[in-house]
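Bear in mind the structure is a predicted one, so any value in this text is a computation, not a measurement.
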Amino acid sequence: MPRILYSDITELVTNAGVARKQGVGITTEDLGIFNDGALLWDSSKGILWLGETKEIPKTLVRGAKRIRLKGKTLMPALVDCHTHLAFAGSRHHEFAMRLAGSTYQQIAAAGGGIKNSVAATREISEQDLFKLACERVESYLALGVGVLEIKSGYGLDWENERKQLRVAQKLKRKYANKITFQTTFLGAHAFPPGTLTAQQRNAYVDKVVDEMLPQVAKQNLADACDVFFDEGYFDLEQSRRLLKAAQKLGLKIKLHADELADVGGAALAAELGALSADHLLKANDNGLRAMAEAGVVAVLLPSTALFLGIGYPPVERMRRAGLCFALSTDFNPGSSPTLHLPFILSLACLQMGFTMPEAFAAATFGGARALGMQATQGHLRVGAKPRIAILDCPSYQALISQMAHPGLAEAVF
């Protein structure tokens, strides 16, 4: 059936005002909610009409299959715009170390952290890594996620970075009817094991710029490039060089920025016109204002801050700067081992001072904007073909208030 009329929807959330305001300063009114709403969907053309059930145009819906959604919510699918989904191995022992008092930096210096996941991901076959990734994607679908970013970064050599990116490409094909993916090359996630001196680190940057990035672009393996610009990782000069090289090859750019220290990551994101700067726990006001002026999205990752015990981002200062927020899981095995995006919304409301409309907008339109997909994703409008989620609950608020629920999504398409 090419056309389906979804009617009697207890809550139809469109995000109409969120899109108009580009995700800044969101209120309840911006969510564009219809109670007892209806939406006409065409499998090839997308949304043909939306509004109140009592206003359904009879001539337009003639011949459409009708599905009544009383007690349900229909909304833009959630967007998880920062994940490290394609990894292998477990870092449970590091959790025990952290509980015993070790810091993230101390664990990394002892050979743990990202390098631990690199070893496990290098050992697994591409086929087995794809199987693991599929299981995780199925969990995302149950939570109402319809747009998903996947980073590499647990290879730190070409063979294994390519393996992660190939897995992401296979996921695109397998789930083409349910999820929109963005793949991000993060070869500059950390320095490979044994890379200790400044000379060795610069040589690795040379390898990423001169060998890996050109192959990523040539083989069309990624949409974007990311760099971990922070204390103990890639410095200002290295990060700028890596990101500018990616831009020259036609890749979008984004940064892990100012998570562990104020190193000027927010300012660099603004300077280069990045899609987003992510984490930002230690970012200064000048950098935040520069981001807002340049249209760079602030991607906040509250579960990482919670898990590491390092404090939450400066949300009120970000509001004053006029930033568009995105909320994401940072799903990874070491510092945020959760893919439960609705829980992230709960956490943002409970611990970071987000309102429910702000949190919802940040995990839909804000996430889409952080991926450069805001023209089509994160909001519902006639003429567009966004990812849509149908939830077995009467309001988007139930998605946030039922903290860490097993999954409320009936369908994502």
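- Evaluation of the salt bridge (charged side-chain N to carboxylate O under 4.0 Å, His left out) test over residues 257-280, restricted to residues two or more places apart or in two chains, returns Arg240-Glu271.
- With hydrogens and angles ignored, the 3.5 Å screen pairs no side-chain donor or acceptor of Gln169 with any backbone N or O of Arg166.
- For Lys252, there are no salt bridge (Lys or Arg N to Asp or Glu O under 4.0 Å) partners, not counting sequence neighbours.
- The aromatic rings of Phe307 and Phe95 lie parallel to each other, with less than 30° between the two planes, well short of the 60° mark.
- Arg241 forms no cation-pi arrangement with Phe234, by the criterion of a distance under 6.0 Å to the ring centre and an angle within 45° of the ring axis.
- Side-chain polar atoms of Thr73 and Glu11 form no donor-acceptor pair below 3.5 angstrom.
- In terms of modelled atom types and a separation under 3.5 Å, the side chain of Glu52 and the main chain of Gly37 share no donor-acceptor contact.
- In this view, Gln22 and Phe365, Arg369, Gln374 satisfy the side chain to side chain contact (heavy atoms under 4.5 Å, CB included) rule, not counting sequence neighbours.
- Ring-centre distance between His189 and Tyr154: below the 6.0 Å cut-off.
- Checked by atom type, the side-chain pair Lys151/Gln182 shows no donor-acceptor distance below 3.5 Å.
- Counted by atom type alone, Gln127 and Ser125 present zero donor-acceptor pairs between their side chains at under 3.5 Å.
- Shown here are the side chain to side chain contact (heavy atoms under 4.5 Å, CB included) partners of Ala261, two or more places apart in sequence or in another chain: Asp230, Glu231, Val263.
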Stepwise salt bridge (Lys or Arg N to Asp or Glu O under 4.0 Å) test for Asp30 and Lys21: CA-CA 8 Å; Asp30 296 318; Lys21 293 169 70 172; 2.9 Å; yes
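- Side chains of Tyr233 and Gln238: a donor-acceptor N/O pair is absent below 3.5 angstrom, by distance only.
- Within the structure, salt bridge (charged side-chain N to carboxylate O under 4.0 Å, His left out) contacts touching residues 78-96 (residues at least two apart or in different chains) are Arg91-Glu94.
- Look at Lys54 and Asp8 and you find no salt bridge, because none of the NZ, NE, NH1 or NH2 atoms lies under 4.0 Å from a carboxylate O.
- Among residues two or more places apart in sequence or in another chain, the salt bridge (Lys or Arg N to Asp or Glu O under 4.0 Å) test is passed with Glu211 by none.
- For Ser335, the side-chain hydrogen bond (donor to acceptor under 3.5 Å, both in side chains) criterion is met by Asn332, not counting sequence neighbours.
- Judged by distance alone, with hydrogens and angles left aside, the side-chain atoms of Asn15 form no donor-acceptor pair with the main-chain N or O of Val18 at under 3.5 Å.
- Under the side chain to side chain contact (heavy atoms under 4.5 Å, CB included) criterion, Ala133 pairs with Leu85, Val167, Leu171, sequence neighbours left out.
- Surrounding NZ of Lys115 are more than 12 heavy atoms belonging to other residues, nucleotides or ligands, all under 6.0 Å away.
- Under the 3.5 Å distance criterion, with hydrogens and angles disregarded, no donor-acceptor pair is assigned to the side chains of Thr83 and Glu149.
- No hydrogens or angles considered: nothing links the side chains of Thr338 and Thr329 as a donor-acceptor pair under 3.5 Å.
- Annotation: salt bridge (charged side-chain N to carboxylate O under 4.0 Å, His left out) contacts involving residues 378-405, sequence neighbours excluded, comprise Lys72-Asp392.
- Checked against a 6.0 Å centroid threshold, the rings of Tyr140 and Phe181 do not count as neighbours.
- Between Arg3 and Asp42 a salt bridge is recorded (basic side-chain N to carboxylate O distance below 4.0 Å).
- Listed by chain and number, the residues in a side-chain hydrogen bond (donor to acceptor under 3.5 Å, both in side chains) with Glu316 are Arg319 (sequence neighbours excluded).
- The ring of Phe87 has its center closer than 6.0 angstrom to the ring center of Phe331.
- Note on residues 324-345: no pairs pass salt bridge (charged side-chain N to carboxylate O under 4.0 Å, His left out), not counting sequence neighbours.
- Listed by chain and residue number, nothing satisfies the salt bridge (Lys or Arg N to Asp or Glu O under 4.0 Å) test with Lys58 (two or more places apart in sequence, or in another chain).
- Checked by atom type and distance alone, the side chain of Ser401 pairs as donor or acceptor with a backbone atom of Gln397 at under 3.5 Å.
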Chi angles and distances behind the side-chain contact (heavy atoms from CB on, under 4.5 Å) call for Phe325, Leu300: CA-CA 7 Å; Phe325 292 119; Leu300 307 186; 3.7 Å; yes
